[in-house]
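Report on the following structure.
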Amino acid sequence: MKPFINASGLVHEYSRRDEEGNVTGINRALDGVDIEVIAGSFIAVLGANGSGKSTFAKHLNALLVPTEGTLYVDGMDTSEPDNSLLIRRTAGMVFQNPDNQIISNVVEEDVGFGPENLGVPPEEIWQRVEESLKNVGMYEYRKDSPNHLSGGQKQRVAIAGIMAMKPKCIILDEPTAMLDPAGRKAVIKTARDLNKKENITIILITHYMEEVTGADYVYVMSEGKVKMQGTPRQVFARSEELVKYRLSIPEVTKIALGLSKKGINIPKDILYVEELADILLKLKAKSF
Amino acid sequence: MSIKLQNVNYIYGMGTGKEKQALSDINIEINNGEFIGIAGHTGSGKSTLVQLLNGLERATSGDIFYNGQNIYSKSYNMRNLRSKAGLVFQYPEYQLFETTVINDVQFGPKNLGLPQLEVELRSFNALKMCGIDDSLLDVSPFALSGGQKRRVAIAGVLAMQPEVLILDEPAAGLDPAGRDEILGLLKKLHNENNTTIILVSHSMEDIAAYVDRMVVMNKGKIVLDGKPEKVFQFEKELEQIGLGVPQAARIIHQLKDAGADIKGEPVTTDESIEAIYKWLKGF
Amino acid sequence: MVIFMIRDITIGQYYASDSVIHKLDPRVKVVCTFAYIISLFCFSQLSGYIIAVLFFWGITKLSKVPFKFIVRGIKPILFMLVFTAMLNLFWTSGGNVLIKIGIITITEEGVKRTVFMALRLIFLIVGSSIMTLTTTPNQLTDAIEKLLKPLNKLKVPVHEIAMMMSIALRFIPILVEETDKIMKAQLARGADFESGNVFQRIKSMVPIIIPLFVSAARRASDLALAMDARCYNGGEGRTRMKPLKYNGQDIAAYLIMALYITVIIITGRYLPL
């Protein structure tokens, strides 16, 4: 099967300039990234601040174009300027700061902004707005001002705004970094639901370990490169490497790892509290 | 420096017809040298509380005592209070404004009217404490990375040498290593300088790992107050107010619920590993 | 303190309701607000003010916006109001002298002018707040865009201007909140905004203004990206979720406005008081 997203040897360079605008140096934000994403999957890209993960996200949305290498989104070359609008409606993007991506003062008008830009007829815009807001559980707030919503609610409105463009894929660029735990949970749950129920491909960019446990596949980025990849279990089992990349592992994985270091016979790739409790109780029962 | 709040109430928007009680009947005493965590979800009143603590907002009713002195008495010097109780806001890097890192850090101590030598000394020390390299002193603060900016901003408050340091979500948005750096810095300040630290956070893991005492707020009230291991026993209650407990405590609770005879009330990963190990080995 | 007053600005704050005024076509509201403001300068006697107040009162009632919200708009201009009032009071000559202290002379004409000027300013502000309180910024932008469309022929970027206005309105409350936060953060670092002479006070604003600019620039660049990501590509080929269409009540509103203007003009011309 042809991958939905295919990055190969992707390089992005920023040039640093002094006050007169002369180039003083070049930063390689992406340095030969190879990532493949199968349609309908839930992918997580983990990385510390400055690892290049957000730059990668911007490439997926054709907000940046490759310096070297290629990136195809749904078969479209992102370096082709004529493709950019089509790529953006195919793979929509949700950003980190909830305030800075809401354009209108009324929730429903904001959700309608994308379809308006696409030239969708009014009756259909209304239909899409209603559907998208219901999908993210924000329909009852449709007449409200975004300023009165919590951070998590604003992010869900932003997701609805993307959904209204009927994308095949949503890229979430650190969508929870500015939220409290309750808001974080709600946003991740929304992304999961869209993946399961609407078969939307999700690419979640984050540095919160707890959020990626449910992903189908995880890429770990550092210094512009993909350093690790695998299922969440495979990745979290390699905790020393993660720490090297300024990341960590969920507490429960840490506990399992700690016990295994002490000589307890226990898998190192545990992701959930219930799972660990289960294994430990069985282990205890056996020892009698 | 001890702080005592007595029957403190705070009502938002007095006289606008949209009054909202942000704090109701807060009574708490914070002792000299404590490392205390304040937890609560957005809108629980914790941010209002810290603004009362350094006099930026004034309680609608009730009294606040610093070292036994009522800060609302007429003779009390409010600006002096602000220098003694340093407050680091959420995303403090948004307050940077000077042309160089060192100038920005000097803003606070300069405002205290200290002699230039003292201002410089304090600023250098604060930057060092926060792990900012000397080579960055004359760099524009806007050219730094996110984590560095955050530490420069914190240095700006530290340079005032407050007796109490209050921080509102100091690790928000930072990656795990950046978070550990900031929280490690607080631990160091607490251990070396005996600074009283008040850490506002909604990360239960951070609170469990760093504080001696935690206060849980909900709907403008203090609902729980005590050592983390005691407070985290109220897992259901904490979950109901949108907070939960760290995974390290949750695993212990689950095992105990299933009949496991685990000793103690561990809340950090290290404590949990130790307790589970002992239980498995039958100690 | 100027900065503290920013918090009270009503402009750009929509008050959700389902009143007749809310449902009017935004073009009607823009045109009528404009006409109302002009009307304030078409008379100079008491009877005119009474009519203007009554008309305004009627619209307010219909809009279901609480009176408190409307008056709040006056607070930020209070300083300007008092200042112009003073000027008028002290500098107008003519009529009977009421008070004379040293070089200060207050005349009957001066008092009259002062009161009327202040009233005009107040109604100018509250009149426009009624429009912004009952119209969402998006609607407002649509209206301005449609009304100014003829200017497109003169190469005026009407759509872009309208879009910029709408975004400015959305971000005013956010930046106001941010100003408040930055101010508190600097106060916590011992900043002093209240003492010293004028120059010192202006200088003391630097620690607020720079972070505010930096933040506004960051927000602007974030927003530009977010708009690109949502396929924004200028006004061309765009459809509208809420297309503007005049219907019966809009025509009625225009007629009522025309009637009001006629009455005001007649009053201004022919009524003595």
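Order of the sequence lines fixes the chain letters, A, B, ..., with proteins taken first and strands second; residue numbering starts at 1 for each chain.
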Is the closest side-chain heavy-atom distance between [X] and [Y] below 4.5 Å?
X: Asp18(C); Y: Lys64(C); value: yes
X: Gln95(B); Y: Lys181(C); value: no
X: Leu158(B); Y: Cys130(B); value: yes

At a 4.5 Å cut-off on heavy atoms, which part of [X] comes close to chain C: side chain, backbone, both, or neither?
X: Glu98(B); answer: neither
X: Leu96(B); answer: backbone
X: Tyr94(B); answer: both
X: Asp104(B); answer: both

Practice item. Mark yes when over 12 heavy atoms from residues, nucleotides or ligands other than Tyr72(B) sit less than 6.0 Å from its OH; otherwise mark no. Key: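 Yes, enclosed.
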
Practice item. Identify which of Leu56(B), Val88(B), Asn54(B) forms the greatest number of heavy-atom pairs closer than 4.5 Å to chain C. Key: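 Most heavy-atom pairs within the cutoff with chain C belong to Leu56(B).
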
**Study point:** Max heavy-atom pair count under 4.5 Å with chain C, selected residue of Pro162(B), Gly108(B), Ser83(B)
**Key:**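 If we count pairs closer than 4.5 Å to chain C, Gly108(B) comes out on top.
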
**Study point:** Pair Lys23(C), Gln249(C): side-chain N/O donor-acceptor within cut-off below 3.5 Å
**Key:**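 Absent: no donor and acceptor within the cut-off.
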
Point to revise | Interatomic spacing from OG1 in Thr48(B) to CD1 in Ile26(B) - rounded to 0.5 Å | key: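 It is 9.5 Å, given to the nearest 0.5 Å.
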
**Study point:** Partner chain B: residue of Asp192(C), Leu212(C), Ile182(C) with the largest heavy-atom pair count (under 4.5 Å)
**Key:**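 Looking at each of Asp192(C), Leu212(C), Ile182(C) in turn, Asp192(C) comes out on top.
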
